Amino acid sequence: QVQLVESGGGLVQPGGSLRLTCVASGTIFKINAMGWYRQAPGKQRELVAAITDDGSTTYADSLKGRFTISRDSAKNTVYLQMNSLKPEDTAVYYCKGAIVIVEALGEYGSWGQGTQVTVSS
């Protein structure tokens, strides 16, 4: 009963910027954390950044300083600001929420369908 919808992907030149948005909707008791992952063709899905309900953030070491995660808890929305983009950043970017739907069952990992980011000149 939870939907995560990503937006903001597209084609950008090397050195450019994009801001991704993920909105969670549906039956939500509590969101414990939200994060961004990415997966390039033929490669493993990897964590990009995450933010918890207390505001703590985590970044992949190689991306820290270029990418910034933020949230608007009142809107169940998380953002990923991506700067100084490189061709190797090309991937499908997925939003994930650690979401409690029914309190007694604990958190559930809910994934969006992804948004394509292509960095090319």
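What you are looking at is a predicted structure, and each value in this text was computed from that prediction instead of being measured.
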Heavy-atom closest pair, residues Ala49 and Leu80: CB-CD1, 4.3 Å
Whether Glu6 side chain and Thr115 backbone form a donor-acceptor pair below 3.5 Å: no
For a side chain to side chain contact (heavy atoms under 4.5 Å, CB included) check, start with the C-alpha distance between Ser73 and Ile31, then their side-chain angles and the critical distance, and finish with the verdict. CA-CA 9 Å; Ser73 296; Ile31 299 178; over 6 Å; no
Would you please test Thr58 and Leu47 for side chain to side chain contact (heavy atoms under 4.5 Å, CB included) and show each step? CA-CA 9 Å; Thr58 299; Leu47 174 69; 4.2 Å; yes
Taking atom CD1 of Ile51 and atom OG of Ser56, what is their separation to the nearest 0.5 Å? 8.0 Å
Donor-acceptor pair, distance only, cut-off 3.5 Å: does the side chain of Thr90 make one with the backbone of Val119? yes
ILVMFWY network linking Leu18 to Met34, side-chain heavy atoms under 4.5 angstrom: yes
For Leu4 and Ala24, the nearest pair of non-hydrogen atoms, with its separation, is CD2-CB, 3.2 Å
Test item: Val2 and Ser25 side chains (from C-beta on) under 4.5 Å apart, heavy atoms: no
Got Val78 and Trp36 here, is their nearest side-chain heavy-atom distance under 4.5 Å? yes
Side chains of Asn83 and Ser17: donor-acceptor distance under 3.5 Å anywhere? yes
Could you go through the side chain to side chain contact (heavy atoms under 4.5 Å, CB included) check for Arg19 and Tyr79 one step at a time? CA-CA 7 Å; Arg19 190 180 76 157; Tyr79 306 93; 3.8 Å; yes
Are the side chain of Tyr59 and the backbone of Arg66 linked by a donor-acceptor contact shorter than 3.5 Å? no
Determine whether Tyr93 and Gln116 make a side-chain contact, defined as any pair of heavy atoms from C-beta on separated by less than 4.5 Å. no
Suppose the criterion is salt bridge (Lys or Arg N to Asp or Glu O under 4.0 Å): which pairs have a residue in residues 28-41, not counting sequence neighbours? Lys30-Asp53, Arg38-Glu46, Arg38-Asp89
Inter- and intrachain pairs under side-chain hydrogen bond (donor to acceptor under 3.5 Å, both in side chains), touching residues 94-114, at least two apart: Asn32-Glu107
For Pro14 and Ser121, which heavy atoms make the closest approach, and how far apart are they? CD-N, 3.7 Å
So does Gln39 have more than 12 non-hydrogen atoms from other groups sitting under 6.0 Å from CD? yes
Assess the residue pair Ile28 and Ile101 against the criterion (side chain to side chain contact (heavy atoms under 4.5 Å, CB included)); give the C-alpha distance rounded to whole Å, side-chain angles, the decisive distance to 0.1 Å, and a yes or no. CA-CA 5 Å; Ile28 299 173; Ile101 300 171; over 6 Å; no
hydrophobic_cluster_shared for Ile99 and Leu105, side chain cutoff 4.5 Å: yes
Treat each ILVMFWY residue as a node, draw an edge where side-chain heavy atoms are under 4.5 Å apart, and state whether Leu85 and Leu63 are in one component. yes
If you round to the nearest 0.5 Å, how far is OG of Ser62 from NZ of Lys86? 8.0 Å
Heavy atoms, side chains only, cut-off 4.5 Å: are Val117 and Leu20 in contact? yes
